[in-house]
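Since the structure comes first, as structure tokens, the remarks are kept for the end.
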Amino acid sequence: MNEMNISFKQGSLPAITPQKPTPLSTPFKAQQSFATALKESLNKVNEAQTVSDELTVKMAKGENVDLHEVMIASQKASVTLQLTLEMRNKAVEAYQEMMRMNI
């Protein structure tokens with residue numbers, strides 16, 4: 001999908017100017033870029049799980065944490081994990097569909 005710049009001028013509709021995507025020069029660089037983005041995303045999911053676990057343990061120990069913060073962290077961790085699993089399921093589904101294609 002092409003990226004677009006949207007600039008707002010006072011009293012007018014936004015002006016949308018498409019930008020050309022910067023192509024990666026080799027398949028290796030594209031693979032490395034994808035791998036980096038995937039690792040960063042998985043690290044963020046792990047971080048959300050860790051924060052949720054830490055707040056839950058603090059609450060269980062009776063430390064001074066707000067219940068709503070614990071619940072919010074827990075829900076964030078849950079939602080990010082569910083999203084990750086659904087993305088994985090879609091990727092596996094797409095792979096299986098490609099493997100069924102006749103050449």
Side-chain angles (χ1 to χ4, degrees):
M1 182 183 251
N2 290 342
E3 294 182 21
M4 295 185 185
N5 276 343
I6 301 176
S7 57
F8 293 94
K9 294 180 182 175
Q10 198 169 22
S12 68
L13 295 175
I16 300 174
T17 55
Q19 289 182 334
K20 293 182 181 178
T22 56
L24 298 172
S25 59
T26 64
F28 177 75
K29 286 184 181 179
Q31 179 184 5
Q32 292 301 315
S33 175
F34 178 75
T36 301
L38 187 60
K39 285 178 187 176
E40 288 174 3
S41 297
L42 290 176
N43 285 337
K44 287 180 183 179
V45 171
N46 187 40
E47 183 181 325
Q49 293 288 330
T50 304
V51 168
S52 174
D53 291 345
E54 289 173 357
L55 287 175
T56 302
V57 167
K58 284 181 181 180
M59 186 181 73
K61 288 181 178 179
E63 294 181 20
N64 188 17
V65 292
D66 293 328
L67 177 62
H68 68 277
E69 288 180 12
V70 176
M71 294 305 296
I72 289 170
S74 174
Q75 286 300 309
K76 281 183 182 179
S78 176
V79 168
T80 56
L81 183 61
Q82 287 176 0
L83 175 64
T84 303
L85 289 175
E86 287 301 319
M87 290 175 63
R88 181 209 56 156
N89 292 343
K90 287 293 183 182
V92 168
E93 224 176 90
Y95 174 76
Q96 289 172 343
E97 185 68 28
M98 286 190 301
M99 294 306 291
R100 286 192 291 262
M101 288 182 178
N102 290 332
I103 298 177

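Cluster annotation: Leu67 and Leu55 are assigned to the same hydrophobic cluster (Ile/Leu/Val/Met/Phe/Trp/Tyr, side-chain heavy-atom contacts under 4.5 Å, transitive). Under the 4.5 Å side-chain contact rule for hydrophobic residues, Val51 and Val65 share a cluster. Phe34 and Leu42 fall within a single hydrophobic cluster, where Ile, Leu, Val, Met, Phe, Trp and Tyr are joined by side-chain heavy atoms under 4.5 Å apart, directly or via other members.
Note that the NZ atom of Lys58 and the CG atom of Asp53 stand 12.5 Å from one another [nearest 0.5 Å]. To the nearest 0.5 Å, atom NE2 of residue His68 and atom CD of residue Gln75 are 14.0 Å apart. If you take CG on Asn46 and CD on Gln49, they are separated by 7.5 Å, rounding to the nearest 0.5 Å. In this structure, CE in Met71 is found 9.0 Å from OG in Ser52, a value given to the nearest 0.5 Å.
Side-chain contact between Lys44 and Thr80 is absent, with no heavy-atom pair separated by less than 4.5 Å. For the pair Thr84 and Met87, the minimum side-chain heavy-atom distance is 4.5 Å or more.
The existence of a salt bridge linking Glu97 and Arg100 is confirmed by a sub-4.0 Å separation between a basic side-chain nitrogen and an acidic carboxylate oxygen.
The closest donor-acceptor contact from the side chain of Thr36 to the backbone of Gln32 lies under 3.5 Å.
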